[in-house]
Number of protein chains: 2
Amino acid sequence: MSARVSPSAARADTSRQAQKERTREAILAAALELSQSQGFAQTSLRQVARHAGVVPTAFYRHFASMDELGLALVEQSFGTLRAMIRDAQRDPETFADIIDASAEILVRVVKQNKAHFGFVARERNSGSEAVRQAIQRELELFISELAVVLARLPHLDTWSAEDVKLASGLFVRNMVYRAEQVVQMPDGRPDLEEEIKRKARREMRLIVLGFEKWDSHSG
Amino acid sequence: MSARVSPSAARADTSRQAQKERTREAILAAALELSQSQGFAQTSLRQVARHAGVVPTAFYRHFASMDELGLALVEQSFGTLRAMIRDAQRDPETFADIIDASAEILVRVVKQNKAHFGFVARERNSGSEAVRQAIQRELELFISELAVVLARLPHLDTWSAEDVKLASGLFVRNMVYRAEQVVQMPDGRPDLEEEIKRKARREMRLIVLGFEKWDSHSG
DNA sequence: ACTTTGAGTGTACGCTCGTGCACTGAAGCA
DNA sequence: TGCTTCAGTGCACGAGCGTACACTCAAAGT
């Protein structure tokens, strides 16, 4: 196991494993695009291969089955989601008004990654058993991660871990719903976009008001 | 479960239209059952016909396409949902503690109609264009109907129509999510069932606390 | 008693599908 | 340099698909 990729820059790498990687990416991209219009389950191995510019049997050099491809797409998609959170936490605007910033970031990032978020939304309930479970698991993980962030907020810093997770779940599920709307939104409609942001903000505010009262409530 | 309906058997009604209706129901039931295990889009016309006990071409005597069948299933499913609301409003228990009653009714009714609720959850994001739009429309309608009920509750009776709908939307989306969980729940696990009810109750309570504060909030 | 109607049948067609198998030819290594 | 490896090719197969078309035969209408 020596260092694989030699640092010869400039022109395209013609090495064997680099070419293989390129084909793999082409297959992933093809599957993602075809999924957008017809759903992953209706996307055939042959369609993917055709779109990626390879012969059907070449598919098997990269994935043992369409199911395995699906799992790779889940991983890719949640990579995008995690990048979104990381960016949000770096952005100083986030701490100024966490709700406004969240709505803003949500719409912007989902719009930039419609394919990935659309994939998750679609396959969450309708994918194969393996894909569905992978998504549920990642989503649970994401709720837990957000809970850690929320736990540092005023009002929530005294809550039990379970209560914070409940709040996190409410937020994530609403974000998922609004993300679904953004994915389905036609291009070039800033009015719809603003409407979604506005609704997302109001919903989050309503939930936050619940937070504030929960403090003195279950004491 | 092939549900062949033979016209020769001893039967209450052997009239032509009654027999046709029976076959139509068999097709709907077959499609619903096959959808549960493999999704509606992966269910072929031939599979449905086989399951319903008719020859493939007989399918066309009832539906012009699988898409039309899908729309009929949407209608059937939301009929079930509306029946749930009607029952809930009749039940005196509902007014004693609306949250406890809602959680109870939600789990009970969804468990009794896993096929219909599962169909809606699955096809809401992944069905054909027509099916997806039909579900979104029905869901919007349902949110509006629930809003009318909510508008009569304390705290909410002074809210604007838009605010009530926002609250209704939050409730419905959480119910949809918990319904998805009930559908995926394995049989004979009253512990999981109780856990879902408990979480649903706590979420609803948190949202209701938001209601109470929203009153005195600027809006 | 007759004709008409139409739900359901049976055959046959041209597709696309996943996948097994033998292959090619360039990259990579000794 | 010559040998090995393996990503990608090309072909062939059996199976399932949607649906066109001509049909049967009992209920419904006259």
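The sequence lines fix the lettering, A, B, ..., with proteins before strands; numbering per chain opens at 1. Atom set for the values below is all heavy atoms of this structure, side chains included, hydrogens, waters and symmetry mates excluded.
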Length of the line joining A:Glu21:CD and C:dA27:C1', which is rounded to integer Å: 17 Å
Atom pair distance, as rounded to whole Å: CD in B:Glu68 and P in D:dT19: 12 Å
Residue closer to the 5' end of DNA chain D, B:Ala64 versus A:Arg46 (nearest nucleotide): A:Arg46
Residues B:Arg189 and B:Glu194 bridged, charged N to O under 4.0 Å: no
Rounded distance in Å - NZ (B:Lys20) to P (C:dA7): 4 Å
Closest to side chain of B:Tyr60, choosing from D:dA26, D:dG18, D:dG8: D:dG18
A:Arg173: partners by side chain to side chain donor-acceptor pair (under 3.5 Å), with sequence neighbours left out: B:Asn174, B:Glu203
NZ/NE/NH1/NH2 to OD/OE distance under 4.0 Å, B:Arg132 and B:Glu123: no
Modelled atom types, side-chain donor and acceptor of B:Glu129 and B:Gln133, under 3.5 Å: yes
Distance-only donor-acceptor check, side chains A:Arg22 and A:Gln19, under 3.5 Å: yes
Atom pair distance, as rounded to whole Å: CZ in A:Arg16 and P in C:dG25: 14 Å
Proximal nucleotide (of D:dG8, D:dA27, D:dT19) relative to the A:Gln19 side chain: D:dG8
Closest approach of A:Ala130 to A:Leu71 (non-hydrogen atoms, all atoms of both residues): O-CD2, 3.7 Å
Interatomic distance, B:His62 NE2 vs C:dG6 C1' [rounded to whole Å]: 11 Å
A:Ser15/A:Asp13 under side-chain hydrogen bond (donor to acceptor under 3.5 Å, both in side chains): CA gap, chis, key distance, verdict: CA-CA 6 Å; A:Ser15 77; A:Asp13 195 334; 3.1 Å; yes
Closest approach of B:Ala49 to B:Pro56 (non-hydrogen atoms, all atoms of both residues): CB-CA, 3.7 Å
For DNA chain D, the residues among residues 47-59 of chain A that have a non-hydrogen atom under 4.0 Å from it: A:Val54, A:Val55, A:Thr57, A:Ala58
Interatomic distance, B:Arg24 CZ vs C:dA7 P [rounded to whole Å]: 13 Å
Options C:dG8, D:dT19, C:dG18, nucleotide nearest the side-chain atoms of B:Thr23: C:dG8
Whole-Å distance separating the CG atom of A:Leu45 from the P atom of C:dT19: 7 Å
Pair B:Thr43-B:Gln38, side-chain hydrogen bond (donor to acceptor under 3.5 Å, both in side chains): steps then yes or no: CA-CA 7 Å; B:Thr43 302; B:Gln38 54 185 40; 3.2 Å; yes
Nearest-angstrom distance from the residue atom CD of A:Gln17 to C1' of D:dA7: 12 Å
Neighbours of DNA chain C within residues 28-39 of chain A, by heavy-atom distance under 4.0 Å: none
Donor-acceptor pair (no angle test) under 3.5 Å: B:Arg61 side chain, C:dG6 base: no
